[in-house]
Each structure stands twice: as structure tokens, then as C-alpha cells.
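The shown structure was predicted, so the numbers you read here are calculated from the model rather than taken from an experiment. Residue numbering restarts at 1 for every chain, and letters A, B, ... go by the order of the sequence lines.
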Amino acid sequence: MSRLYYDFHVHSCLSPCAEDESTPQCLAGFGRLCGLSLMALTDHNSCKNCPAFFQAAAAYGLVPIAGMELETAEEIHVVCLFETLAEAVAFDQAVAIRRRRIPNRRDIFGAQRVVDSEDCLLEEEPWLLATATELSLQEVPALVSAYGGICYPAHIDRTANGILSILGTFPPEVPFRYAELHSPTQAQHLLQQYPSLRDKRLLYGSDTHAAAMLPEATAYLELDVPTDDAAAVRKALFSALREGKV
Amino acid sequence: MTVEELAQTFSLECLVSGEITRQVQSCYIGDLLSRVMGQAPAGCVWITIMTNSNVCAVATLADVACIVLAEGEQPDAALLDAAMAHGVGLYRSDRSAYMLAAAFAAGGI
């Protein structure tokens with residue numbers, strides 16, 4: 001078994017609230033410095049920096065995962081992860097037509113930069129990404145699954161955009177197997193307060209918006225796979241995630 | 001009516017005074033921030049029960065005259081800090097959004 005330190009929730013300069021310096025290349029480098037083996041790039045409502053992230057991660061020996069932090073119509077944040085870059089890019093297009101068109105105000109939210117693996121600006125996303133899509137919470141798991149991905153509610157221990165603060169519970173009809181904790185120390189307290197959490201497995205995500213603030217790796221999972229083959233690691237990871245074994 | 005007059009007339013507790021001489025032109029009630037972002041008219045008093053820091057960003061984006069937290073809600077520390085940093089008027093009241101809006105309407109807003 002290989003022990004793989006992971007962070008499945010990181011934002012790049014495409015997210016309006018993230019630092020411009022947090023390019024995919026910069027994140028991959030800091031990820032490696034912080035001891036991560038696996039890192040998912042999860043910008044708000046977009047996967048457009050994932051291609052650059054995949055290229056940059058290869059250079060640093062980090063296993064990249066293409067993802068998105070999707071905001072549902074109810075303003076609940078959901079982490080969506082994909083086994084392949086192609087699936088994430090296709091999912092991005094499916095979400096793009098369900099986004100609301102509110103122009104981004106750079107003076108308030110900052111620029112939304114799509115860059116290449118060497119930090120060069122390719123385009124700026126004109127519509128604000130950090131806002132609700134038209135997708136309801138109920139629709140999301142099936143949509144993500146149609147693109148081969150898995151998804152779960154983000155930072156359930158936070159008041160802003162957390163499923164528990166917005167809905168007050170985990171709706172039983174929405175089949176989430178996992179949930180993300182921002183602060184691992186909150187687990188016991190939340191389990192007592194919300195019994196519906198007991199059948200969920202808790203994953204960790206830092207929700208880092210600045211590469212230099214990336215925390216030292218602490219959360220890990222174990223996979224029976226050689227760690228030098230990124231595609232094989234992702235295959236093993238998603239197989240384990242789908243079986244509820246992570 | 002200015003923001004300052006609004007606060008005095010309806011006994012709103014001032015957390016951050018903001019643009020006190022700005023005219024309050026209308027009233028908007030909403031808690032789904034994405035909806036508020038697109039729908040709240042500029043210059044309105046925005047009544048909400050949301051208390052996280054995103055409230056300040058949305059108020060700035062929508063260019064509201066001031067925010068009123070209803071039902072006795074207290075702002076998160078991050079919201080208070082953001083409102084102070086950006087000079088966004090932030091007030092609170094124990095009354096419900098309905099009672100506040102009804103009072104504002106009766107008062108000429």
C-alpha cells in the first residue's frame with residue numbers, strides 16, 4: 001500500500017477570490033513542497049485551468065486531479081472530481097450553459113485568469129464564477145456521474161455555502177457518500193450535532209485560495225498502486241472512491 | 001430619506017455607519033446571494049439574515065445603500081471586518097424582514 005497525502009480542494013487564479021499569483025504551475029510547486037502526492041484543482045464553476053494544471057503537475061511529480069467547486073442553485077458548494085482531464089473539460093461545458101451571466105467586477109472580486117502551464121494569460125473569464133448556477137443540488141450527482149466523476153458537499157463545517165448551514169441537514173434523497181471537512185477537528189462535534197453524517201465518509205480539503213498559504217500535508221489515503229504513474233493512481237483512486245473505500 | 005435618517009427613524013443598531021448621507025431609494029429582501037447580486041436595485045436598503053463575509057461583496061456589487069440584518073442576526077467577524085474595510089453601511093434589528101420592510105414602506109421608502 002502507498003500512503004498518498006492529498007488535498008482535493010484548491011483554487012487557482014481563475015477563481016475570483018484567489019490570488020493572481022496562484023497559477024496552476026505555482027500551486028503544483030507549492031503542493032509538492034507541502035508534501036502532497038495528490039492535488040485536485042477545484043475552481044469555482046470552471047475547469048478551464050485544469051489543462052495547465054495537468055502539464056505543470058507532471059513537471060513536479062504531483063498527481064493532478066481535474067475538478068470543480070460547483071455552486072448549486074441553493075448556493076451549496078459541491079466538490080466535483082474527475083478521473084480524466086477530458087471528462088472534466090466536457091463537464092465544464094455542460095456546466096457553462098447552466099451558469100448565470102453576472103459580469104465579474106474585477107475591482108471587487110479580482111480577475112478570473114485562464115493561464116497556460118507557464119503562467120501566461122490565455123483569456124479572462126468575463127462572467128462571475130463565484131455565484132450560483134441553475135443546477136439544483138438534486139441534479140448534480142447524476143450530472144457529475146454522467147461524466148465519470150464523483151462529487152460531495154464542500155466545507156460542511158462552514159456557514160458560508162455549506163450544506164448543513166443552508167439546508168440544516170443532509171437530504172436523504174441526495175446520494176452523497178462523502179462530505180468535505182475544512183477543519184478536521186470539527187468532525188466529532190458535527191457527528192454529534194448531525195446524526196445523518198454518520199454514514200458519510202469525511203474527506204479533507206484546504207479550500208486554499210493562495211498558493212503560498214497551502215498548508216502542510218496532513219490528510220492521507222492508502223492505495224495499492226505504484227505512485228509514479230499518475231493515470232494509474234487516478235484510476236485506483238476513483239475505483240476506491242466509487243466503491244466507498246476511501 | 002438618508003441612511004442616517006433610516007437608522008434613527010427605525011431604531012436600527014449601527015454596526016458600521018457606511019455612507020450615512022446616501023439616499024435610500026428602495027428596499028430589497030433576499031438571502032440567496034446570487035439572486036441579490038442580480039436583482040437588488042442600486043441605492044436600496046437590503047434586508048437579509050445572511051451574515052457571512054460574502055454579504056459585503058454582494059452589497060458592493062449591487063451598490064446597495066446599506067445592509068440591515070434582520071431577526072437579531074449578528075454578523076460574522078469576517079463580515080464586520082469587510083464592511084468596515086469597504087465602508088459599507090451595516091445595521092441590525094431584532095425585527096423580521098417583513099416588519100422592517102412594512103415599516104420602511106409606511107415611512108415613505
Side-chain angles (χ1 to χ4, degrees), chain A residues 11 15-19 44-46 69-78 95 98-112 125-137 140 154-168 182-183 207 209-210 213, chain B residues 15-16 18-19 22 28-44 46-90 92 96-97:
Chain A
H11 292 270
S15 291
C17 37
E19 301 290 325
H44 291 292
N45 294 347
S46 177
E69 184 177 25
L70 178 66
E71 184 168 330
T72 71
E74 303 89 344
E75 303 194 337
I76 295 165
H77 284 184
V78 178
V95 170
R98 305 290 301 275
R99 291 200 324 232
R100 294 172 207 265
R101 296 200 155 198
I102 297 171
N104 180 37
R105 283 265 308 270
R106 300 174 86 223
D107 56 323
I108 299 172
F109 297 105
Q112 302 180 139
E125 169 61 50
W127 305 107
L128 182 63
L129 292 171
T131 188
T133 62
E134 295 167 357
L135 291 158
S136 74
L137 184 70
V140 172
H155 44 65
I156 61 167
D157 46 344
R158 279 212 190 140
T159 55
N161 308 104
I163 190 170
L164 295 174
S165 72
I166 290 177
L167 298 183
H182 178 65
S183 309
D207 198 6
H209 284 71
M213 300 294 283
Chain B
L15 303 168
V16 178
E19 300 173 85
R22 188 165 175 191
Y28 187 83
I29 304 172
D31 303 314
L32 271 178
L33 300 186
S34 49
R35 178 62 70 105
V36 177
M37 217 180 259
Q39 297 298 324
C44 73
W46 169 29
I47 306 172
T48 185
I49 53 165
M50 295 299 272
T51 57
N52 62 62
S53 63
N54 297 336
V55 167
C56 182
V58 169
T60 310
L61 183 79
D63 193 25
V64 307
C66 66
I67 305 161
V68 178
L69 305 181
E71 296 182 19
E73 287 294 335
Q74 293 282 359
D76 291 357
L79 171 56
L80 199 55
D81 290 347
M84 281 179 190
H86 295 98
V88 173
L90 182 63
R92 63 184 288 276
S96 68

Exercise. Below 4.5 Å from any heavy atom of chain B, which atoms of A/Ile166 appear? Answer side chain, backbone, both or neither.
Key: neither

Exercise. Among residues two or more places apart or on two chains, list those pairs meeting salt bridge (Lys or Arg N to Asp or Glu O under 4.0 Å) that have a residue in residues 47-56 of chain B.
Key: none

Produce the donor-acceptor pair table for chain B versus chain A, cut-off under 3.5 Å.
{"from": "B/Leu33", "atom 1": "N", "to": "A/Glu75", "atom 2": "OE1", "distance (Å)": "2.9"}
{"from": "B/Leu33", "atom 1": "N", "to": "A/Glu75", "atom 2": "OE2", "distance (Å)": "2.7"}
{"from": "B/Ser34", "atom 1": "N", "to": "A/Glu75", "atom 2": "OE2", "distance (Å)": "2.4"}
{"from": "B/Ser34", "atom 1": "OG", "to": "A/Glu75", "atom 2": "OE2", "distance (Å)": "2.7"}
{"from": "B/Asn54", "atom 1": "ND2", "to": "A/Asn161", "atom 2": "OD1", "distance (Å)": "3.4"}

